[in-house]
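Chain identifiers are assigned alphabetically (A, B, ...) following the order of the sequence lines, protein sequences preceding nucleic acid strands; residue numbering begins at 1 within each chain. What you see is a predicted model; the values in this text were computed from it and never measured.
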Amino acid sequence: MSNAAAIRPGRPALPEWVRRLPEYLTIWVPLLLSAAHLVSFSLWTIWISFTPSTLIPVTGWVGLRNYTAVAASRNWQIAFDNLLLFGCAFVVLSAATGLILAILLDQRIRGENVLRSIFLYPLAVSFVVTGTVWSWLLNPGLGIQKLVHDLGWTSFRFDWLIDRDMAIWTIVIAAIWQSSGFAMALFLAGLRSVDADIIKAAQIDGAGPVRIYRRIILPSLWPITITVVVIQLQFAISTFDLVRALTNGGPGIATQLPALVVYDLMFQRSLLGRGAAAAVLMLLILLAVLLPYAAWRYLQRRRAAHA
Amino acid sequence: MAALSIRALSKRYANLEVLKDIALDIESGEFTVLVGPSGCGKSTLLNIVAGLDRPSAGTIEIGGRVVNDVAPKDRDIAMVFQSYALYPSMTVRQNITFGMECRHVPKTAQDAAVANVAKLLQIEPLLGRKPSQLSGGQRQRVAMGRALVRDPLLFLFDEPLSNLDAKLRVEMRMEIKRLHQRIGATIVYVTHDQIEAMTMATRIAVMHQGRVQQFADPDTVYRYPANLFVARFMGSPPMNTMPARLESDKDGLVAVIGAGRPDEVRLRLRDYDGAAPFVGRDVVVGIRPECIAEGSRAFSGEAPVLVEAPVDMVEPTGAETMVSLRLGGEPAMARISPDIRPAPGASASFALDTRRICLFDPETERLIA
Ligand SMILES: Nc1ncnc2c1ncn2[C@@H]1O[C@H](COP(=O)(O)OP(=O)(O)O)[C@@H](O)[C@H]1O
Ligand SMILES: [Mg+2]
């Protein structure tokens, strides 16, 4: 840079900080602003969760009363159970779907680029759109069930959307549709990064494709698997718009999730303190996932630095 | 019996011809080194022999059996890769037994084979480790162990020492050579390093641009390079090659470097009868650096040819002094005694050993005599 300035005659070199000003403005200002927002609003929410605030924030101290009230509410208990079921089912199934798609694409088939784009497209769609479209597809009177009925198979039933016990699975389906392409992209990159010589060595050793995947390629994927699981869990815990558009927590409160409870408490029942307590509980769940992950990453990096 | 014969083999990728009409016959027990610059097609040839790639034309026989349509695992070969290609998620022991596992060898036989190989390569303490916990040299040994345990008809090595540091490379070079002498295996070994080729091979195939330029024992390749490429590729520093004119007088043939110049160098050639048709024409004279020495050197046998030549540069290496000089105006390298340091820019006296001169046809670049 300084060379370029030096050989261009008749133009005084700008001071370092002026030349780097755009860089500072585009990187640091937004970063600091969003960090400040994140930290200050998190702290504010934590503070509110210990106050008796209802419609408007008020000072005062109620200790853990908001927390006990939230934890004892049926709404939250159902939301928490749903989160466990939805989180586990969604993470496992979307990772599995992504892995299967990646292995199929890894067979160097024709049209790989087109297929990869198709599988990745749902990621570009907003969750609200995904939720709305799937709410039509899964609506017994409009979507898949109606289509099969119209084809003449009138005994066919697919009404999970309005079935209390099965409705949570409709969210699992829509979430998998939305994000297994993302898992696929990560897994495919992992599959492709296996050294070609290792595969050749295995072929000479006499391993067939199944054994090569099982013993050599898949074991090398587990760091990617952990990354996929953590990213998907994070999404699962904070799921809001998808459920809001697809079932809105219904039927009844059968598909309630923590983020919906927070919204419900804060903006519909105007119980700011309790809503904040629920939000802090969500944050704790998230930390329970992210902190071990951060620790694991740290250990990995330290081990890599030592090797 | 020929362990490996390759006939009329060629390989093209789209419109790039990587291997052209390769023919090699390798006897059982031979240590054949394929040597050539990067990109000349050595790995491609080895992969085709291994069955990891298909030839565009030609046949490959291993142990007398045509294997063109035989899967790699059934060719009775083992391969060692430059990257070692160890299975990262398996221990050293599992790396070595994986092939036997695939072939359903009983567990007791597997254990015995591992113990054997581990002892041979002195890797017993490493058997429980993962490849990531090994040094480069240790990985190299494990990769060899994985090949040895197979006890194949043919070993294929693709630049197995390229990733090691210089000292370890020399050690492993000797160790592989010793191993070959001990187990008498047939080895095809690929390298771009001509010193590895010279030191290890029983026969060398020099490759360039997808063709085998010469296939002969190391002494022949060094002494009688088939063409200018081989002359300039083998040896470090390589053979000096200088344009010259071939003349004849009553005593026989004379090669004149820089003919007509005041400092022309006349090299009398004896027993070069094959060159007679080139009298009166241009040739290329090839002379190894060790055949140019300080003026006081007496090459065994008759008196050497003495020349006065200007010195360009002097590089002492400790064991010898490398001198770049001009013979009849043409640049050349000389290897002289370590304690002699001619002054750059001045002239010095050099002795030439003319018995080991090579003559090449400048048109075809082939060896004449
Ligand atoms: N799969 C391939 N497709 C196209 N060209 C290739 C392929 N593999 C090798 N080549 C080309 O073939 C030539 C020889 O390659 P290689 O056998 O790896 O050389 P070497 O091992 O002697 O360095 C190179 O020019 C390389 O670019
Ligand atoms: Mg190569």
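Proximity to chain A involves both the backbone and the side chain of B/Glu101, based on heavy atoms less than 4.5 angstrom apart. Only the side chain of B/Arg150 comes within contact range of chain A, with heavy atoms under 4.5 Å apart. For A/Ala196, no part sits under 4.5 Å from any heavy atom of chain B, backbone or side chain. Contacts of B/Asn47 with chain A are made by side-chain atoms alone, with heavy-atom separations under 4.5 Å and no backbone atom involved. B/Met100 does not touch chain A: none of its heavy atoms, backbone or side chain, sits under 4.5 Å away.
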Output, in order, the C-alpha distance, side-chain angles, deciding distance and verdict of ring-ring contact (aromatic ring centres under 6.0 Å, His included) for A/Trp160 and A/Phe158.
CA-CA 6 Å; A/Trp160 290 3; A/Phe158 187 54; 5.3 Å; yes
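The side-chain contact (heavy atoms from CB on, under 4.5 Å) search around B/Ala147 returns B/Ala78, B/Val80, B/Phe155, not counting sequence neighbours. In terms of the side-chain hydrogen bond (donor to acceptor under 3.5 Å, both in side chains) criterion, A/Tyr24 has no residue partners (sequence neighbours excluded).
Ranked by heavy-atom pairs shorter than 4.5 Å toward chain A, the options B/Pro152, B/Ala50, B/Ala143, B/Gly99 are led by B/Gly99.
Atom OG1 of A/Thr130 is separated from atom CG of A/Leu123 by 9.5 Å, given to the nearest 0.5 angstrom.
For the residue pair B/Glu159/B/Thr191, the side-chain donor-acceptor check at 3.5 Å is not satisfied.
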